[in-house]
There are 2 protein chains.
Amino acid sequence: MRLSQGVEWALHCCVSLTQAAEPVPAARLAELHGVPTAYLAKQLQALSRAGVIHSIPGQMGGYVLTQPPSAITALQIVVAIEGDVPVFQCTEIRQNGPLGVDPAKCSKRCAIARAMATAEHAWREALAEISIADLVAGIDADSSNTAIDGLRRWLATG
Amino acid sequence: MRLSQGVEWALHCCVSLTQAAEPVPAARLAELHGVPTAYLAKQLQALSRAGVIHSIPGQMGGYVLTQPPSAITALQIVVAIEGDVPVFQCTEIRQNGPLGVDPAKCSKRCAIARAMATAEHAWREALAEISIADLVAGIDADSSNTAIDGLRRWLATG
DNA sequence: CCAATGCGGATATAAAATATCCGAGTTCAA
DNA sequence: TTGAACTCGGATATTTTATATCCGCATTGG
Ligand code: FES
Ligand code: FES
């Protein structure tokens, strides 16, 4: 079980967009991160559909964040890219075999699925506690306050 | 991102094995749960390699739990089937592009990976709190204390 | 010895992730 | 107003992974 690579790209792009004064095209974000343009565009479209970013068409178009960095969470981004399907999916095998339970009595989710969902909920809660602003602060601290400033400068010199 | 189906099978098998007095062959577990025998065998082998269950070869052979049900956690089973690779994998794209960071300065894990690892840790901690005994108790309660008894009886009548 | 079982690898199929392309629509400049 | 250049968007290939299956070998117990 592995999270799609698009999640990492999306996180990096959202961090970058916090330092942009104008819309940033997908090609420019791809150049900045050294990833294939066409595939990154797909992830950005997913973010756009989820309402995390807003797309502006036309010659001076590109992508812009729809909310302040402190209001965007890692959970939103993960859900946007991966979908909100549960990590553990109960396939109701309790209804199979010689001891199969009557399907009519399976309106309630089974005990195993409930337990796994509880653990998954803990993960989602933790993801919801991570904001883009937190990531920006962390990256800035790691680089002795040079990375974010350099990023803003690079984005400005179109 | 979706957890492999083998995890559900493994959980159900461990629950079933708690009610067995003798080793249970893979074919019998497959029949009980109505799943393909050959593929289930693969999952059981993974559990065996991880030390969750013990395999006994020979004519009266089969699988047995290595620990009491209260000592086996859902985390052990998930790791056994899926491997202990992290859900979020940092591919170090911060080293790419025109603003790429010097690889020599990347000995420390990046801020994004750290944040995602924290969330993942919360999930693992929650999984470690789930024991097979808990699942048995939950299933028993859901069935008005009939399912586990029926299971033990079915396993005894080889 | 013979039958039954777990183990491991090799193989075929199905699904998903990855990577790419071209068209519809918009904006800006001439 | 006209047009050209640029943007996003969805539909399309390619590669990788997960799923499912099979067969031969070693081991155990009758
Ligand atoms: S029946 Fe298998 S987890 Fe619900
Ligand atoms: S460089 Fe992308 S998450 Fe670490």
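In what follows, every chain begins at residue 1, and chains take the letters A, B, ... in the order their sequences are listed. These numbers come from a predicted model, not from an experiment.
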Integer-rounded Å distance: [N] [atom2] and [X] [atom1]:
X: B/L47; N: C/dC7; atom1: CG; atom2: P; result: 10 Å
X: B/L40; N: C/dT5; atom1: CG; atom2: P; result: 15 Å
X: A/H54; N: D/dC8; atom1: NE2; atom2: P; result: 11 Å
X: B/M60; N: C/dC2; atom1: CE; atom2: P; result: 19 Å
X: A/Q5; N: C/dA19; atom1: CD; atom2: P; result: 6 Å
X: A/H33; N: C/dA19; atom1: NE2; atom2: P; result: 16 Å
X: A/Q89; N: C/dA15; atom1: CD; atom2: C1'; result: 13 Å
X: A/Q43; N: D/dG10; atom1: CD; atom2: C1'; result: 14 Å

What nucleotide, of [options], holds the atom closest to the side chain of [X]?
X: B/P25; options: C/dG6, D/dT19, D/dC22; answer: C/dG6
X: A/K42; options: D/dT19, D/dA11, C/dT27; answer: D/dA11
X: B/Q59; options: C/dA19, C/dA4, D/dC6; answer: C/dA4
X: B/P57; options: D/dT19, D/dT28, C/dA17; answer: D/dT28

Below 4.0 angstrom from OP1 or OP2 of [N], is there any side-chain N or O of [X]?
X: A/Y39; N: C/dT18; answer: yes
X: B/R28; N: C/dG6; answer: no
X: A/S55; N: D/dT7; answer: no
X: A/R49; N: D/dC8; answer: no
X: A/S4; N: C/dT18; answer: yes
X: A/S48; N: D/dG9; answer: yes
X: A/Y63; N: D/dG9; answer: yes

CD1 of B/I77 to NE2 of B/H12, rounded to nearest 0.5 Å, is 11.0 Å
When rounded to the nearest 0.5 Å, the distance separating OH of B/Y63 from SG of B/C14 is 12.0 Å
For B/L40 and B/C13, the nearest pair of non-hydrogen atoms, with its separation, is CD1-SG, 3.8 Å
Contact class for [X] (heavy atom, under 4.0 Å): base, sugar-phosphate, or nothing?
X: A/G62; answer: sugar-phosphate
X: B/I56; answer: sugar-phosphate
X: A/A26; answer: sugar-phosphate

Assert: residue with more 5' nearest nucleotide on DNA chain C, out of B/G61 and B/M1, is B/G61
(request) Give me the ring orientation class for B/W123 and A/W123: parallel if the planes are under 30° apart, tilted from 30 to 60°, perpendicular past 60°. (result) tilted
### Query
Hey, is the side chain of A/Q45 pairing donor to acceptor with the base of D/dG9 inside 3.5 Å?
yes
Does any donor atom in the side chain of B/D134 or B/S131 lie under 3.5 Å from an acceptor atom in the other side chain?
yes
*Do A/D142 and B/R94 meet the salt-bridge criterion of a basic N to acidic O distance under 4.0 Å?*
no
